[in-house]
Trainee: 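My questions will all concern the structure given below.
Note that ligands are numbered from 1 as they come in the structure, with each ligand's atoms numbered from 1 the same way.
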Amino acid sequence: MYHSPKAGSRLTFLSCSACGKQYDAHHLNTFATCCIKPLLVNYDLRGAPGRHILAGRPGNMWRYREFLPVINEANIVSLGEGFTPVMQVTKAAAEYGLTQVFLKDEAYNPTGSFKARGLSMAISKAKELGVVACIVPTAGNAGGALSAYCAKAGMKATVIMPAITPQIFADECVLHGADVLLLDGLINECGKKAGEISRETGAFDISTLKEPYRIEGKKTMGYEIAEQFNWELPEVIIYPAGGGTGLIGIWKAFIEMKEMGWITGPLPRMIAVQSGNCQPVVKAFDDKRGVSNSYSGPAASVANGLAVPYPFGLDLMLKVLEESGGMALSVTEEEIVAGVREMAIREGLLLCPEGAAVWKAMIKLKGSGILQGAEKVLLINTGSGYKYLDQVMRQ
Ligand SMILES: *Cc1c(COP(=O)(O)O)cnc(C)c1O
């Protein structure tokens with residue numbers, strides 16, 4: 001029998017993010033059925049190797065494989081995701097009195113967004129656990145990523161997206177061979193439908209935080225940030241939050257690295273940015289209620305990745321904001337479009353609207369004194385601007 005090399009994963013078990021109940025990591029799991037909350041992945045970090053293991057490894061997210069869940073390297077479904085560049089924003093930041101602004105550009109990922117990280121991980125692990133068909137509700141980018149990784153893995157993909165999503169997001173899925181279903185309503189409606197189809201057909205539901213592994217892919221951003229900043233983290237990280245996997249994942253990476261002694265000292269304040277059109281995290285943070293049904297008034301956004309009215313991981317997002325001393329704030333649709341234009345013309349960067357929201361939020365935070373001019377700030381641009389050009393040009 002052919003044995004392929006082990007990935008060296010230190011995976012141990014899954015646990016309920018609310019009560020800690022353990023779940024078997026060697027079986028296919030969705031969410032924690034005990035509390036109806038997301039599952040988190042645990043690793044044996046005692047006696048973990050030091051940072052020196054990274055030397056000479058390829059520049060993609062699998063360089064952190066000991067702290068990723070895939071057991072057998074042969075199951076890795078990769079299109080080269082991760083290790084995206086960090087660059088300094090100079091001219092435009094100086095104008096607002098900020099001297100240490102950096103941007104991590106996730107546009108460099110396959111399929112044009114950081115969704116590639118989560119879907120590469122989820123599809124790899126699904127393959128390892130015997131899955132042959134997957135389904136995902138999406139505001140756009142997750143569908144393209146699922147379709148591409150399923151094509152690579154030889155799995156069947158089904159994507160459900162709001163009918164108002166720009167055509168390009170459906171086209172890329174179709175080109176990768178996925179079945180695409182368009183629905184009235186936002187991603188929460190698509191999520192309900194995905195659940196139904198999953199129960200009827202057996203297709204594995206890869207909805208945000210309703211399976212344990214997308215967050216492990218997004219987590220690699222946290223490892224990269226530490227490595228790229230030479231193990232001295234920025235003071236503030238500003239992130240455009242939709243379902244929240246990136247926010248939760250980056251923070252999870254910091255906690256793991258701290259436990260292993262890979263990083264020391266204070267961790268960054270984590271700041272979540274949303275659109276004024278759809279801001280459940282901002283509302284819950286301001287109310288300190290943290291109840292996922294406390295929000296009403298969902299609406300679409302040009303930053304479609306942020307149009308998530310009822311995020312399943314809301315509690316986990318609020319926990320990150322509180323533990324890190326961060327906060328949540330929103331910007332308007334007009335500010336988002338103005339932000340795309342401003343960064344394009346001043347910095348040569350074609351941000352996605354979600355990334356532009358982060359840029360505008362940073363300026364607001366500086367204006368209100370929450371951010372100091374000399375603080376080291378990292379902005380996450382979560383995707384390429386190209387898929388959104390039609391929409392931006394029409395506004
Ligand atoms: C999905 C998405 C987001 C939001 O990411 P979450 O992990 O769901 O918070 C932000 N920006 C872009 C471009 C996205 O595709």
Trainee: Please state which part of Phe169 comes within less than 4.0 Å of ligand 1, counting heavy atoms only: side chain, backbone, both or neither.
Mentor: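 No part of Phe169 is near ligand 1 at this cut-off.
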Trainee: Examine Leu306 against ligand 1 and note whether any of their N/O atoms are separated by less than 3.5 Å.
Mentor: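 Among all N and O atoms of Leu306, none is under 3.5 Å from an N or O of ligand 1.
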Trainee: Applying ring pair (Phe, Tyr, Trp, His ring centres under 6.0 Å) to Phe13 and Tyr43, what does each step give before you reach the verdict?
Mentor: CA-CA 7 Å; Phe13 57 88; Tyr43 300 87; 9.7 Å; no
Trainee: Using distance alone, with no hydrogens and no angle criterion, decide if Thr220 and Arg117 have a side-chain donor and acceptor under 3.5 Å apart.
Mentor: yes
Trainee: For atom 9 (O) of ligand 1, which protein heavy atom lies nearest, and how many Å away is it?
Mentor: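 So the nearest neighbour among protein heavy atoms is Gly244 N, 2.6 Å.
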Trainee: Scan Tyr23, Phe312, Tyr213 and name whichever one has a ring pair (Phe, Tyr, Trp, His ring centres under 6.0 Å) with Phe31.
Mentor: Phe312
Trainee: Would you find more than 12 non-hydrogen atoms of other residues, nucleotides or ligands less than 6.0 Å from Gln88 atom CD?
Mentor: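 For Gln88, atom CD is crowded (more than 12 foreign heavy atoms under 6.0 Å).
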Trainee: Would you indicate which of Arg214, Gln274, Lys115 comes nearest to atom 14 (C) of ligand 1 when only heavy atoms are counted?
Mentor: Lys115
Trainee: Measure the distance from atom 8 (O) of ligand 1 to every protein heavy atom, then report the residue, atom name and distance (to 0.1 Å) of the closest one.
Mentor: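 Result: Gly243 N, 2.7 Å.
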Trainee: Among the heavy atoms of Glu106, does any lie under 4.0 Å from an atom of ligand 1?
Mentor: no
Trainee: Kindly state whether the ring of Phe114 and the ring of Tyr108 have centres lying under 6.0 angstrom apart.
Mentor: no
Trainee: Identify the protein heavy atom lying closest to atom 11 (N) of ligand 1, giving its residue, its atom name and the separation to 0.1 Å.
Mentor: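 Looking at atom 11 (N) of ligand 1, the protein heavy atom closest to it is Thr382 OG1, 2.6 Å.
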Trainee: Tell me the protein heavy atom at minimum distance from atom 7 (O) of ligand 1, and give that distance in Å.
Mentor: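 I find the closest protein heavy atom is Thr245 OG1, 2.6 Å.
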Trainee: At a 4.0 Å threshold, what atoms of ligand 1 neighbour a non-hydrogen atom of Gly305?
Mentor: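 Those qualifying, in numeric order: 2 (C), 3 (C), 4 (C).
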Trainee: Do Trp262 and Phe67 have their ring centres less than 6.0 Å from each other?
Mentor: yes
